[in-house]
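What follows is a short report on a single structure.
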There are 2 protein chains.
Amino acid sequence: MRPEHTHVPALPPSPHADGNCRAVASVLARVGDKWSVLVIMMLIDGPVRFNELKRMIGGISQRMLTLTLRGLERDGLVTRTIFPTIPPRVDYELTDLGRGLAQPVQALGKWAFEHLPEIEGARTSFDARNGQG
Amino acid sequence: MRPEHTHVPALPPSPHADGNCRAVASVLARVGDKWSVLVIMMLIDGPVRFNELKRMIGGISQRMLTLTLRGLERDGLVTRTIFPTIPPRVDYELTDLGRGLAQPVQALGKWAFEHLPEIEGARTSFDARNGQG
DNA sequence: CTGTATCCGACGTGATACTG
DNA sequence: CAGTATCACGTCGGATACAG
């Protein structure tokens, strides 16, 4: 038995980046979510319906779209507006917070787009080097 | 050789891009990687050794650090310099590409940090609403 | 010190079927 | 049309042991 191992209460006493780092990481995780960014991008132009969104993204399952939208809504990035009509209609729209997030995300996306050749080249080169031995 | 492949058959006339979206998504995925961003941040000041990195991050396993660094190296974001000494020493350093990426990432991190209260507030509010009813 | 290989649990993801 | 519930699968991630 290792009593010392079972009890892990202490977190590293980092001076600056301790709790904040974690919290920021959670936001970064949202951005890194396979679908979140796509959804945000699709909502930039204005409110979009559920299936419309699903159609625009293409390749996302109903489940994942629902979960993604839930997460986004939870973080206060999108709003969900229900129209109690028949058939039911639900609009998703970016909040101010969401639009604010979209900006740095777009900057990142722009960077990614511009440097795609370099990255893909680096990958090819690396794979070749690795593959050859 | 496949001449067909070199010619990029049909790109959609969409202004949002379609095939590019995928590629960009892969870069976003890197950013969303739990550890990649942290590693990049740690390397901004200059080259860092393996265990030093592991220590700075704190909470990352040896395996994950290795894999993360591999991925970063593959994408041409960091370089790996081996000093054939005893004991062996390996320095990891950001490339120009990596430093370039660090910029928008930092912008995103800054945004995240500044809007943490709002996001956490939204989460609490959402959870309360969801929990109660 | 710097990695690699292996086992194993946790979680994300998708397909399907069902409800309002 | 919008959303939930369930199951099955693959990958991610950590702990450990081992190697150069």
Side-chain angles (χ1 to χ4, degrees), chain A residues 1-8 11-12 22 25-26 28-39 42-43 47-74 78-93 126 129-130 133, chain B residues 22 25-26 28-39 42-43 47-74 78-93 126 129-130 133:
Chain A
M1 295 299 281
R2 296 168 233 159
E4 317 143 17
H5 188 222
T6 58
H7 184 233
V8 193
L11 271 179
R22 299 279 182 192
S26 74
L28 270 321
R30 271 268 170 284
V31 173
D33 252 17
K34 197 173 171 183
W35 305 111
S36 295
V37 172
L38 279 304
V39 170
M42 298 306 174
L43 293 179
V48 183
R49 299 180 58 173
F50 184 86
N51 271 348
E52 203 174 348
L53 216 39
K54 184 166 178 290
R55 217 189 140 82
M56 288 168 79
I57 296 178
I60 188 173
S61 64
Q62 209 170 28
R63 169 188 164 84
M64 277 303 102
L65 183 53
T66 300
L67 288 181
T68 301
L69 287 170
R70 279 271 187 283
L72 258 29
E73 188 190 359
R74 191 175 104 101
V78 309
T79 58
R80 189 166 80 123
T81 308
I82 307 175
F83 298 89
T85 60
I86 296 186
R89 163 185 179 153
V90 179
D91 275 13
Y92 290 91
E93 188 174 12
F126 182 90
R129 192 179 316 176
N130 191 279
Chain B
R22 298 281 181 190
S26 73
L28 270 321
R30 271 267 169 281
V31 173
D33 253 16
K34 199 171 169 184
W35 304 112
S36 296
V37 172
L38 278 305
V39 170
M42 298 306 174
L43 293 178
V48 183
R49 299 180 59 174
F50 185 86
N51 272 348
E52 203 175 349
L53 216 41
K54 184 164 177 289
R55 202 194 140 105
M56 290 168 77
I57 296 179
I60 188 175
S61 64
Q62 208 169 32
R63 171 189 163 85
M64 276 304 104
L65 183 53
T66 299
L67 288 180
T68 301
L69 287 169
R70 277 274 188 283
L72 258 28
E73 188 191 358
R74 192 174 103 102
V78 308
T79 57
R80 189 165 79 125
T81 308
I82 307 175
F83 297 89
T85 60
I86 296 185
R89 162 186 179 151
V90 179
D91 276 13
Y92 291 91
E93 187 174 12
F126 182 90
R129 191 180 314 175
N130 191 278

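All of these numbers come straight from a predicted model, not from anything done at the bench. We name chains A, B, ... by the order of the sequence lines, and we start the count at 1 in each one.
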Any A:V39 side-chain heavy atom under 4.5 Å of A:L65 side chain:
yes
For the pair made of CZ in B:F50 and P in D:dG20, what is the distance, rounded to whole Å?
18 Å
Please check the phosphate of C:dG3 (OP1 and OP2 only) for any side-chain N or O of B:Y92 closer than 4.0 Å.
yes
Rounded to the nearest angstrom, tell me the gap between atom CG in B:L65 and atom P in C:dC1.
13 Å
Can you tell me the distance, in whole Å, between the CD1 atom of A:I86 and the C1' atom of C:dG20?
9 Å
Contact between B:K54 and B:N51 at the side-chain level, heavy atoms closer than 4.5 Å - yes or no?
yes
Closest to the A:V90 side chain, choosing from C:dG3, D:dG3, D:dC1
D:dG3
Rounded to the nearest 0.5 angstrom, the CD1-CD distance for A:I57 and A:E52 is 11.5 Å
CG of B:D91 versus P of C:dG3: gap in Å, rounded?
10 Å
Spacing of A:N51 atom CG relative to D:dG3 atom C1', expressed in whole Å:
10 Å
Answer yes or no: is there a side-chain heavy-atom contact under 4.5 Å between A:L72 and A:Y92?
no
Do B:R80 and B:L69 have side-chain heavy atoms sitting under 4.5 Å apart?
no
N/O to N/O distances under 3.5 Å, protein versus nucleotides 9-18 of chain C:
| residue | atom | partner | partner atom | Å |
| --- | --- | --- | --- | --- |
| C:dG14 | N7 | A:R63 | NE | 3.3 |
| C:dG14 | O6 | A:R63 | NE | 3.4 |

Between C1' of C:dC1 and CD1 of B:I82, the distance in whole Å
13 Å
Would you name the heavy atoms of B:R30 and B:S36 that are closest together and state the gap between them?
O-CB, 3.2 Å
Assuming nearest nucleotide by heavy-atom distance, tell me which of A:P88 and B:R89 is located more 5' along DNA chain C.
B:R89
Within a strict 4.5 Å, meaning less than it, do heavy atoms of the A:L43 and A:L53 side chains meet?
yes
Rounded distance (Å) that lies between atom C1' of C:dG3 and atom CG of A:N130
14 Å
Taking atom P of C:dG3 as reference, at what distance in whole Å does atom NZ of B:K54 sit?
13 Å
